[in-house]
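Only this structure's heavy atoms are used, side chains among them; waters, hydrogens and symmetry mates stay out.
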Amino acid sequence: MKNEQRQINTMYSNKENVNILTALLVAHGIRDIVVCPGSRNAPLVHNFNECGDIRCHAVTDERSAGFIALGLRLQQQSPVAVCVTSGSALLNVLPAAAEATYQHTGIIVISADRPGAWIDQLDGQTLPQQEALGRFVAESVTLPEPHDDTERWHCNRLVNEALLANKQMNHPSVHINVPISEPLFEFAVATLPSERVVSSIDSKEPDADKSILQLLEESTRPMIVLGQMDKYTAMMAGELREKLTVLSEPLSSDEHVLTDQILYVLASERNADDYKPDCVIYLGGHTVSKRLRQYLRACSEARHVMVTEDYRLHDVSQHTSVLIYGRDIDVIKTIAEGYTDTEASKAYRRQWEMLQEKVKQQHYAYEPEYSQMLAVREFEKHMQEEKAHIYYANSMSVRLACIYADHYCYCNRGLNGIEGSLSVAVGASLARKEEKVYCVIGDLSFLYDQNALWQQQTGGNLRILLLNNSQGGIFRNLRGLDKSTARDTLVSARHNVDSVEGTCRQYGVTYLRATDAETLAEGLQKLCGMESRCPVLLEVKTDVDKDEQVFKSYYHKFRI
């Protein structure tokens, strides 16, 4: 009777980050928390005491509290947390957190914090608490105080990340820092939120292969999404197409795929929901297509699985519920060798293949006028007959690669910056002196990185296709930016460098130039075919307005 009365009267803190944390602590199986006195952590302690699934142990001395938590952890072989208030209270837990990490029996340190605006402002009990435990914890996160769905997702993800890190094989300590604004003592929330819980599979554990395959076997509409990966892994991933629906780009494929275009068409399909997967396994790093990331985020009802080599939660879809710790290549081999497609998954794959064929017909029917798009299309025709290493710079260059490349492409997609694209290609040309290395690059990227040509050992195997329309053309595709008077001059960095011939002469680079379709054809023939002891550059000079019109016209063809 008393327990029933307690449940009826239970009210939780009004602080969303505190409630999200409490719900996930319970969901991840934390049953014991050592709590220390304080006002800033009172909302946390209140919640832990109220929820009924957590046993609270009161200890005044924070240093002792940390070691008591370690003692509980050692005996119970299950996660244990210690909760302290703001200020020096956190620093007193450091010895216990370090000891626990080195015993591979880590504790979860939860600290209340003052809002960031008050740090170092002579307010009581304030110090920079984020990362305060340094290298003695494997993960240190500071939760936002959510105001919208994105911040709620962020808060959920950070808590999951920290608790998953504590469960890794070496069981390190972790730190969850919780800023809490005043008022502190409002308790009017009747229930804890229903929070997404992320589980994990370690590919090194026994029966991991079985668990991975089970994710697919339980699905009728399984899908593989490939982000950027090394060339060998991309070739291995190609085997998955024989059994599964695979979405990829030239940064993760050795085939001509039109993922972005397919999703553009699908957006206007009446039966678009029929194409949605019920299980998505994401391998690799970044994708170029924003449309692909948005599509994954719209597939909220699917089970989303992320393969991670660095043990971190890269939640591209915002719906990840399972992490697979391991190398992409190992997971690909497990699926390729162990998965047997069902009639349902075959039908789902055929459905996507039919859509892709439809898109390819529209793609091949489009004839671009003289533009950067035409330049890349004609360049890629030459590449069909030549084995080469091809580097694409970021921004418009790599987006054009995603339209026309039917081979693996290199690109600095880790951070997506325009700097260093030419330098990476130069480095590759030094390593592959007997093979041609091509770099397709825009004007801003080239001008930014032209010092790469200052390398005395660069030889004739380096070939550069420079797309120059006198500004950052990609900014023409950002909806709403056309309303800004700063778009062309400041945002797009319009410039007056009509020709880089002088730069080429300075660095000993053979210079070619194209200004129309005829000179483009002649220039590409020389760029790809001529013998040279020094690098060769073909500058394709285009009009930015025409480039914009051709690019938009291409995608307009896919409207149904």
Side-chain angles (χ1 to χ4, degrees), residues 226-231 233-234 248-253 259-260 282 284-294 308-310 312 314-316 372 375-376 389-403 405 408-431 437-455 458 462-479 481 484 486-495 497 500 503 507 535 537 539-540 544 547-548 551:
L226 304 178
Q228 184 178 26
M229 52 185 55
D230 66 82
K231 188 172 184 178
T233 305
S248 62
E249 295 173 330
L251 280 63
S252 57
S253 176
T259 293
D260 195 64
Y282 190 112
H286 285 263
T287 64
V288 176
S289 173
K290 182 179 181 180
R291 190 174 284 111
L292 173 54
R293 297 190 293 275
Q294 290 173 334
T308 172
E309 298 189 13
D310 60 6
R312 297 190 67 85
H314 306 289
D315 193 14
V316 177
Q372 291 187 350
V376 172
H389 300 270
I390 304 173
Y391 287 75
Y392 273 87
N394 273 308
S395 297
M396 278 304 297
S397 300
V398 74
R399 282 164 176 79
L400 293 172
C402 289
I403 294 175
Y408 178 83
C409 295
Y410 296 91
C411 182
N412 288 356
R413 209 63 196 164
L415 293 175
N416 308 350
I418 67 169
E419 74 278 25
S421 296
L422 182 58
S423 293
V424 169
V426 167
S429 74
L430 296 176
V437 173
Y438 288 89
C439 180
V440 182
I441 189 168
D443 48 342
L444 297 189
S445 298
F446 177 84
L447 294 171
Y448 193 111
D449 198 25
Q450 61 184 305
N451 278 347
L453 298 175
W454 199 356
Q455 164 57 247
T458 307
L462 176 65
R463 307 296 166 106
I464 303 165
L465 179 63
L466 170 58
L467 308 174
N468 184 0
N469 58 13
S470 299
Q471 63 182 270
I474 193 170
F475 298 105
R476 293 296 189 97
N477 298 321
L478 301 182
R479 186 176 300 174
L481 187 57
S484 172
R487 184 190 68 174
D488 292 339
T489 54
L490 300 177
V491 178
S492 299
R494 186 166 60 196
H495 58 84
V497 182
V500 299
T503 300
Y507 292 120
L537 180 147
E539 182 172 23
V540 181
V544 68
D547 288 337
E548 177 188 11
F551 188 79

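- Every ring pair (Phe, Tyr, Trp, His ring centres under 6.0 Å) that Tyr438 has, sequence neighbours left out, goes to Phe379.
- Here the closest non-hydrogen pair linking Gln372 and Leu400 is O-CD1, 3.9 Å.
- In this structure, Leu467 and Ser397 have side chains that are in contact, with non-hydrogen atoms separated by less than 4.5 Å.
- Applying the side chain to side chain donor-acceptor pair (under 3.5 Å) test to Arg293 and every residue at least two apart in sequence or in another chain returns Thr287.
- The two atoms that bring Glu539 and Asn468 nearest to each other are OE2-ND2, 2.8 Å, heavy atoms only.
- Annotation: the span from Cys411 atom SG to Arg399 atom CZ amounts to 9.0 Å, rounded to 0.5 Å.
- Looking at heavy atoms from C-beta onward, Val398 lies in side-chain contact with Leu251 at the 4.5 angstrom threshold.
- For His314, the side chain to side chain donor-acceptor pair (under 3.5 Å) partners two or more places apart in sequence, or in a different chain, are Asp310.
- For Phe446, the ring pair (Phe, Tyr, Trp, His ring centres under 6.0 Å) criterion is met by no residue, not counting sequence neighbours.
- Within the 4.5 Å cutoff, the side chain of Val491 has heavy atoms near those of the Leu481 side chain.
- Taking all atoms of both residues into account, the shortest heavy-atom contact from Val540 to Ala375 is CG1-CB, 4.0 Å.
- Residues passing the ring pair (Phe, Tyr, Trp, His ring centres under 6.0 Å) test with Tyr408, sequence neighbours excluded: Tyr410.
- Looking at heavy atoms from C-beta onward, Asn451 lies in side-chain contact with Tyr507 at the 4.5 angstrom threshold.
- Nearest approach of Gly227 to Ser252, heavy atoms of both residues: O-CB, 3.1 Å.
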Could you pull out every donor-acceptor pair under 3.5 Å between side chains of residues 414-430 and any protein atom, sequence neighbours left out?
unit_1, atom_1, unit_2, atom_2, d
Asn416, OD1, Arg413, NE, 3.4
Ser423, OG, Asp449, OD1, 2.8
Ser423, OG, Asp449, OD2, 3.0
Ser429, OG, Val426, O, 2.6

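- At least one side-chain heavy atom of Ser470 sits less than 4.5 Å from a side-chain heavy atom of His495.
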